[in-house]
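Have a look at the structure below, then the notes.
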Amino acid sequence: TLFFLITGLDAELSYVRNDVVNHYALSFNLLIPSETNNLHFSWHAKSKVEYKLGFQVDNPMAMAMPQANISLQGEVPRTLSVFRVELSCAGRLDSEVTILMQLNLTINSSKNITVLNFKRRKMCYKKLEPEVKPPTSDKNSIDPVNAAPTTSTRVFYISVGVCCAVIFLVAIILAVLHLHSMKRIELDDSISDSSSSQGLSQPSTQTTQYLRADTPNNATPVTSYPTLRIEKNDLKSVTIMEAKAKVKDIAISRERITLKDVLQEGTFGRIFHGILIEEKDPSKEKQVFVKTVKDQASEVQVTMMLTESCKLRGLHHRNLLPITHVCIEEGEKPMVLLPYMNWGNLKLFLRQCKLVEANNPQAISQQDLVHMAIQIACGMSYLARREVIHKDLAARNCVIDDALQVKITDNALSRDLFPMDYHCLGDNENRPVRWMALESLVNNEFSSASDVWAFGVTLWELMTLGQTPYVDIDPFEMAAYLKDGYRIAQPINCPDELFAVMACCWALDPEERPKFQQLVQCLTEFHAALGAYV
Ligand SMILES: *[C@@H]1O[C@H](CO)[C@@H](O)[C@H](O)[C@H]1NC(C)=O
Ligand SMILES: *[C@@H]1O[C@H](CO)[C@@H](O)[C@H](O)[C@H]1NC(C)=O
Ligand SMILES: *[C@@H]1O[C@H](CO)[C@@H](O)[C@H](O)[C@H]1NC(C)=O
């Protein structure tokens, strides 16, 4: 039973895509906090779109007709503009009011009208009455605030109780590609993944939404996490000799390693499938991943590979894949060894699934994907407990085997093997910008909460089978984009409950994000619910 998440989520999307109205998104009937009197909508169109705006309230005694600060009829502006809708309670009685805002759009003066209905609910109270009574109206949708106590023991939930105000970006694409009679228009191009995703809008900065994960039992407000001792800034000061010295204790001789196929190759790095011969019994072999560099690799790159490989060193968890050995013999390029996982890199695996999916939709089920997410959350939960911050959680830094076992690994060589996922923002650091929490991007602050953010993006990668998040956004614009409240869109076919989980990982305030333990719990319930339907 997953009823709770989306009802309380303000990270709502309201859109039309390919000229098809997403009735689901529009059918949302969101509760507006009673102290909020203004809603803001931003919008724009790429070509001529006429609109008509209308309002309805179901209880005019409790609320006067809403007022917009734009005319009720006109043309959608060509530049991004904001309009405001005022929802003021009359103060005459206590009641929940349902508000309907209707926006009729006409494209290029054609006869077809696209009708968008935005529904909101708001509690209105009688003025000068200190005690407020709960609403008496009989609503079939759950009031997230009131519903919470009954469910909080089982799962975490999101409440909009503290939401100040709501800005919804009307992220609308009217891509009328298939209607040849019409010119292509776009209302708002701020959508991240036009290939297969829908527009998502989120409240923006001045109206930050507070997605609250309620944790009565394990709410330990961790505000600062010790960072792992592999600061990129430190790398410059680490010489290759020091890096080698640090891994001496796990060094093995080159003779024990046989290199087989190249699994991945970058400009200077390579990952091989290798065989490691047991030291005590040479007849026994173990399969391994071997990360190594080519001849042209610089000393800095080699140092970086060695230090980054040690990120998870010494940690033991079934969902972690730490380094086991190195080979740093004179005259040889250093090698880093990790246990083998026969389906290899998770991102490449997901992309493979996507290709296969075209012919075979059953290739990988949603339940499988959620199960992978749970495993990643378990591994991360362990890291968080050990106060280790990964700083680069992403599908590319996970591996998978034929039992669909997923393990998180370090990010050594990832910059080289997945160059599209890292960007330099003026400084010399090549960072996974699209996976980074705002505070990491802007202030270089990392914590388990910023790992939670990256987990949300990883979950999105799983559900999109390895698409690149924020693909249309200039990496330089990412911080501003996130600040403005934009996030990646809900993947097609991604259940709302699951998207709600992602979305709350992307709360601006790190403390508002769920903890990994909660994510494990929530995803596990969701996984069970999926199983129940099959
Ligand atoms: C929008 O169109 C519908 C159907 O044509 C109509 O009933 C409704 O009154 C229109 N709303 C506005 C605000 O013009
Ligand atoms: C409506 O109000 C919003 C916010 O208060 C403001 O940004 C916008 O410019 C106003 N629009 C018009 C047409 O007055
Ligand atoms: C108007 O909509 C109808 C069905 O809703 C569709 O068959 C027709 O092609 C549309 N007309 C234009 C000009 O797009």
Side-chain angles (χ1 to χ4, degrees), residues 10 12 14-30 32-60 63-89 97-122 163-174 176 179 181-182 185 187-190 199 201-209 480-486 508:
D10 265 345
E12 200 215 334
S14 314
Y15 54 84
V16 180
R17 190 170 179 272
N18 291 340
D19 214 23
V20 177
V21 178
N22 184 322
H23 292 284
Y24 180 78
L26 291 168
S27 74
F28 261 74
N29 193 344
L30 285 178
I32 301 165
S34 56
E35 64 275 13
T36 300
N37 292 325
N38 291 313
L39 295 180
H40 295 91
F41 294 83
S42 22
W43 62 342
H44 82 275
K46 283 271 169 74
S47 64
K48 187 174 172 181
V49 180
E50 285 161 56
Y51 75 86
K52 272 191 189 169
L53 184 64
F55 297 97
Q56 282 169 29
V57 293
D58 70 340
N59 194 341
M63 184 188 285
M65 197 53 91
Q67 300 290 324
N69 71 344
I70 51 168
S71 62
L72 293 180
Q73 192 169 348
E75 243 186 75
V76 179
R78 302 295 172 86
T79 56
L80 192 64
S81 315
V82 178
F83 68 90
R84 186 183 68 227
V85 175
E86 242 173 84
L87 307 167
S88 307
C89 291
V97 184
T98 302
I99 305 118
L100 175 72
M101 178 173 103
Q102 193 170 58
L103 194 60
N104 286 359
L105 300 171
T106 327
I107 297 140
N108 291 333
S109 310
S110 74
K111 290 227 176 69
N112 282 3
I113 300 177
T114 307
V115 182
L116 305 180
N117 290 323
F118 301 85
K119 275 179 258 167
R120 298 292 182 269
R121 290 178 296 140
K122 183 175 170 177
C163 175
C164 332
V166 189
I167 281 196
F168 291 103
L169 184 96
V170 185
I172 301 166
I173 286 194
L174 285 169
V176 278
L179 296 178
S181 56
M182 284 188 201
I185 67 132
L187 287 174
D188 200 315
D189 58 351
S190 58
S201 68
Q202 288 223 345
S204 70
T205 34
Q206 71 263 47
T207 57
T208 314
Q209 58 159 342
Y481 189 78
L482 296 176
K483 259 186 215 158
D484 282 348
Y486 293 94
L508 275 187

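Numbering of ligands and ligand atoms starts at 1, following listing order.
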(Q) If I take atom CG from residue Leu116 and atom OH from residue Tyr51, how far apart are they, to the nearest 0.5 angstrom? (A) 13.5 Å
Q) Roughly how far apart are Lys52 NZ and Thr106 OG1, rounded to 0.5 Å? A) 7.5 Å
Q) Which residue supplies the protein heavy atom nearest to atom 13 (C) of ligand 2, what is that atom called, and how far is it? A) Asn69 O, 3.4 Å
Q.
So, regarding Lys52 and ligand 1 (criterion: nitrogen or oxygen to nitrogen or oxygen, under 3.5 Å), is there a contact or not?
A. no
Q | Per-atom contacts of ligand 1 with Asn104, taking only distances under 4.0 Å to non-hydrogen atoms | A | 1 (C), 2 (O), 3 (C), 8 (C), 10 (C), 11 (N), 12 (C), 14 (O)
**Q.** Which residue and heavy atom of the protein sit nearest atom 5 (O) of ligand 1, plus the separation
**A.** Ile113 CD1, 4.3 Å
Q: Do me a favour and list the nearest non-hydrogen protein atom to atom 4 (C) of ligand 1 with residue, atom name and distance?
A: Val115 CG2, 4.5 Å
Q) Atom NZ in Lys122, atom CG in Asn37: separation rounded to 0.5 Å? A) 4.0 Å
**Q.** Donor-acceptor contact present, side-chain Asn38 to main-chain Arg84, <3.5 Å
**A.** no
**Q.** Heavy atoms from other residues, nucleotides or ligands near CD of Gln56 exceed 12 (cutoff 6.0 Å)
**A.** no
Q) What are the atoms of ligand 1, with element, lying closer than 4.0 Å to any heavy atom of Leu53? A) 13 (C)
Q.
Which residue and atom name correspond to the protein heavy atom nearest atom 9 (O) of ligand 2, and how close is it?
A. Val82 O, 4.2 Å
Q) Which of the numbered atoms in ligand 1 are below 4.0 angstrom from a heavy atom of Gly54? A) 13 (C)
Q: Determine if the distance from atom 7 (O) of ligand 1 to the closest protein heavy atom is below 4.0 Å.
A: no
Q: Report the distance from atom CG of Asn104 to atom CG of Asn117, rounding to the nearest 0.5 Å.
A: 8.0 Å
**Q.** side-chain contact (heavy atoms from CB on, under 4.5 Å) involving Ser81 - partner list, sequence neighbours excluded
**A.** Trp43, Pro77, Thr79
Q. If you measure from each non-hydrogen atom of Leu72 to ligand 1, which part falls under 4.0 Å: side chain, backbone, both or neither?
A. neither
